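Because the structure is predicted, anything quoted here is derived from the model rather than measured. Residue numbering restarts at 1 for every chain, and letters A, B, ... go by the order of the sequence lines. For the numbers below, each heavy atom of this structure counts, side chains included, while hydrogens, waters and symmetry mates do not.
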Number of protein chains: 2
Amino acid sequence: MPRPRMFDEAEVIDRARRTFAETGFAGTSLDDLLEATGLARQSLYNAFGGKKELFMRAFLSDTASAVDAVKTVLQSAEDPIVRIRTQLVSSAVEHGSAQAPPSLFLRAAVELSSLTPEVAATVATAFDSIRADYTACIVDAQNAGEIDSSADGEALGTYFCAVIEGMSTLGRAGVPRATLLQIGFTSLATVPITPLGREHLGTEDGDWT
Amino acid sequence: MPRPRMFDEAEVIDRARRTFAETGFAGTSLDDLLEATGLARQSLYNAFGGKKELFMRAFLSDTASAVDAVKTVLQSAEDPIVRIRTQLVSSAVEHGSAQAPPSLFLRAAVELSSLTPEVAATVATAFDSIRADYTACIVDAQNAGEIDSSADGEALGTYFCAVIEGMSTLGRAGVPRATLLQIGFTSLATVPITPLGREHLGTEDGDWT
DNA sequence: ATGGTTTTGGATCAAGCAGTCAATAACGTT
DNA sequence: AACGTTATTGACTGCTTGATCCAAAACCAT
């Protein structure tokens with residue numbers, strides 16, 4: 001019996017995500033959000049509660065999909081070592097583009113993790129999840145004989161977390177995609193890949209323009 | 001004949017740097033700055049011009065000293081390969097501490113590099129300088145026979161830029177110092193160190209509590 | 001002392017801020 | 001067709017913002 005909404009909630013959150021990612025939480029005014037989403041003032045308050053709540057919705061959604069994107073690649077059906085390279089390439093491509101929307105996850109981590117406990121906890125959990133996915137994939141590769149069994153999977157997992165976040169930060173600062181790709185490929189040299197693994201990887205680095 | 005200032009300009013800038021680093025540009029009000037610096041309103045405007053100008057002073061100063069800190073370590077009198085490890089450790093220690101003041105450089109890079117051209121240019125120049133210092137140090141190490149001459153010094157330089165920025169981001173998100181140190185040591189495995197270089201490095205990783 | 005210059009601190013301003021309220025409009029159910 | 005429920009709308013509120021103005025105080029060279 002109620003009057004139906006004239007907007008798509010998911011789309012509003014996505015627009016808000018973009019806006020917050022571009023100008024930050026403190027730097028985004030309610031009017032900015034209204035313009036970006038097309039909502040009327042009271043609609044936003046009815047549907048979401050306020051600026052902080054809408055931000056958290058957008059932030060949690062962005063974090064979840066970022067974590068999910070990593071998991072999907074690292075748990076695909078490819079060879080484990082190929083999955084790792086694919087993930088690094090995918091991070092480089094995602095963060096190394098001027099027109100691509102910047103990451104709200106990074107922004108929130110830098111802007112709010114020291115001020116908002118909930119953001120800090122979410123960021124920590126996300127890092128942990130990514131780290132665990134990487135570690136599991138490395139263990140897979142070790143079991144497949146593609147990575148030397150003496151390698152420390154945990155250490156490499158946290159390490160790749162840092163590399164990914166470094167690429168994200170550099171990408172936001174304007175570093176071009178090709179450079180991020182180089183960083184990704186270079187970081188792969190940390191992994192003691194066996195001859196078998198190297199065979200699976202192939203020699204081609206691919207073309208990413 | 002003019003009345004002398006009752007404040008130390010450098011100290012004011014340093015206090016402002018800390019405040020901006022903690023709450024960002026948009027998140028810091030003029031009253032916050034007055035409280036942090038102890039200045040009176042008009043004094044701040046007389047001495048610096050306004051919020052934006054004071055921010056730029058603090059940002060440029062922070063960037064310069066961050067770049068300088070890297071350069072100092074990488075151009076010290078130690079063995080080249082030791083310098084690199086020392087720099088990674090120093091970055092981990094600097095960014096991996098809850099009480100240490102967060103980096104305004106990272107904050108500005110993430111918050112403003114897409115909005116303020118001058119910030120973006122400064123950030124880009126800083127990255128370039130760090131990258132160049134790393135590359136030069138790697139070349140030194142190659143000439144000293146500590147790193148395989150086939151290594152791509154440029155690629156490793158940009159790579160270490162990303163690692164450092166990744167550590168900075170993770171540190172701000174609450175990742176502890178020990179983890180950052182592990183990341184730093186792990187990242188060193190990317191470098192093809194010769195037996196001679198390994199000898200110079202020693203076996204000890206040191207104790208950093 | 002004294003004059004000229006600067007700092008200082010309080011008062012003030014207009015603009016922008018997040019959030020609220022009451023009235024209207026649109027829908028599904030009955 | 002009428003009702004109850006919810007979305008929409010736009011005006012409104014009190015507060016904070018960055019910035020400016022002005023008069024009084026502080027200093028140093030003379």
Side-chain angles (χ1 to χ4, degrees), chain A residues 1-60 104 107-108 111-112 115-119, chain B residues 1-60 104 107-108 111-112 115-119:
Chain A
M1 30 255 246
R3 171 178 178 178
R5 291 187 168 158
M6 294 193 62
F7 60 88
D8 178 24
E9 190 168 301
E11 193 187 320
V12 167
I13 290 179
D14 190 65
R15 299 268 184 95
R17 179 189 60 71
R18 250 202 293 272
T19 308
F20 278 129
E22 264 161 26
T23 47
F25 177 76
T28 302
S29 77
L30 213 65
D31 286 323
D32 293 337
L33 290 169
L34 299 183
E35 192 187 2
T37 61
L39 292 183
R41 224 174 190 72
Q42 190 69 18
S43 301
L44 191 150
Y45 277 91
N46 282 342
F48 300 99
K51 187 185 170 183
K52 282 187 289 291
E53 288 81 0
L54 177 56
F55 175 86
M56 285 309 296
R57 290 284 295 271
F59 165 63
L60 292 175
L104 178 56
R107 240 223 127 98
E111 181 179 0
L112 297 174
L115 293 117
T116 313
E118 194 182 347
V119 169
Chain B
M1 23 235 260
R3 170 178 179 177
R5 288 189 170 155
M6 297 196 60
F7 59 88
D8 179 24
E9 191 168 300
E11 193 187 319
V12 167
I13 290 179
D14 190 65
R15 300 269 184 94
R17 180 189 58 72
R18 249 201 294 270
T19 308
F20 278 128
E22 265 162 27
T23 47
F25 177 75
T28 303
S29 77
L30 214 64
D31 287 324
D32 293 337
L33 290 170
L34 299 183
E35 192 188 1
T37 61
L39 294 180
R41 225 178 195 73
Q42 191 69 15
S43 301
L44 192 150
Y45 277 92
N46 283 342
F48 301 100
K51 185 186 171 183
K52 282 187 289 293
E53 288 81 0
L54 176 57
F55 175 86
M56 284 308 295
R57 289 285 295 272
F59 164 63
L60 292 175
L104 178 55
R107 241 221 128 100
E111 181 180 1
L112 296 175
L115 293 113
T116 313
E118 193 181 350
V119 170

Separation of atom CZ in B:Phe48 from atom P in C:dT8, rounded to whole Å: 11 Å
If every non-hydrogen atom of B:Glu22 is compared with every non-hydrogen atom of A:Leu115, which pair is closest and at what distance? O-CD1, 3.7 Å
Spacing between B:Glu53 atom CD and D:dG18 atom C1', to the nearest angstrom: 11 Å
Locate the shortest heavy-atom distance separating A:Ile13 from A:Ala58; write the atom from each residue and the value. CG2-CA, 3.7 Å
Is there a side-chain polar atom (N or O) of B:Lys51 under 4.0 Å from OP1 or OP2 of D:dT17? no
Derivation and outcome, salt bridge (charged side-chain N to carboxylate O under 4.0 Å, His left out), residues A:Glu53 and A:Arg57: CA-CA 6 Å; A:Glu53 288 81 0; A:Arg57 290 284 295 271; over 6 Å; no
Show, in sequence, the C-alpha distance, side-chain angles and deciding distance for A:Ser43 and A:Asn46, and conclude whether the side-chain hydrogen bond (donor to acceptor under 3.5 Å, both in side chains) test is met. CA-CA 5 Å; A:Ser43 301; A:Asn46 282 342; 5.7 Å; no
How long is the line joining CG of B:Leu33 and P of D:dA19, in whole Å? 10 Å
Once you measure the plane-to-plane angle for B:Phe20 and B:Phe55, does it fall in the parallel (<30°), tilted (30-60°) or perpendicular (>60°) bin? perpendicular
Closest heavy-atom pair and its distance - A:Lys51, A:Phe25: NZ-O, 3.0 Å
Distances for protein N/O vs nucleotides 9-15 of chain C N/O pairs under 3.5 angstrom?
none

Over how many whole Å does the gap from B:Phe7 atom CZ to D:dA26 atom P extend? 17 Å
Over how many whole Å does the gap from A:Leu34 atom CG to C:dC17 atom C1' extend? 12 Å
To the nearest angstrom, how far is B:Tyr45 atom OH from D:dC22 atom P? 17 Å
Nucleotide D:dC12, atom P - distance to CG of A:Leu30 in whole Å: 19 Å
Separation of atom CG in A:Leu44 from atom P in D:dT9, rounded to whole Å: 13 Å
With respect to the phosphate group of D:dG18, does any side-chain polar atom (N or O) of B:Lys52 fall under 4.0 Å of OP1 or OP2? no
